[in-house]
Amino acid sequence: MTPDDPKPGRFRAEDFRPTRSSPSDSGETPKRGGSGLGLCLAFGFGFCLILGLIFLSASLAPVVIVAVAFVFVLFGGAALHYLIWGWWLGGMIRQDVEAEERDDAEREQRLRNLPPT
């Protein structure tokens, strides 16, 4: 037993690493996300925060209630978007994995049916 072997009943880190090839293995260069979504979200959050502080310092209860409702709607919409997008993305990932497994099975079947050389 070598020092790298896990104890009986234990897992190694390699057991949890994906076996898919990375884009660098196939010669493709990974694409960078060139959108300013993070910047827009940061500015939007900062704007809402400053607006909320202004409303709170004005001591106007109706305005504060509207601000809280606005934040609730904003984060509720974001949560709904997150759930729907996550559901959709999960389906896409499942389809990709199924297609990959199907391709692997077909490839293995073709290899088994090749005549010996």
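When reading the values below, keep in mind they use all heavy atoms of this one structure, side chains included, and skip hydrogens, waters and symmetry mates.
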Taking C-beta and beyond as the side chain, do V71 and F75 meet within less than 4.5 Å on heavy atoms?
yes
CD of Q95 to CZ of R102: how many Å apart, nearest 0.5 Å?
9.5 Å
Find out whether E101 and V97 are in side-chain contact, i.e. whether some heavy atom of one side chain is under 4.5 Å from a heavy atom of the other.
yes
Path from I93 to W88 over hydrophobic side-chain contacts below 4.5 Å:
yes
Hydrophobic clusters here meaning ILVMFWY residues chained together by side-chain heavy-atom distances under 4.5 Å, can you tell me if F72 and F70 are in one?
no
Approximate separation, where rounding is to 0.5 Å, of M92 CE and L89 CG:
8.0 Å
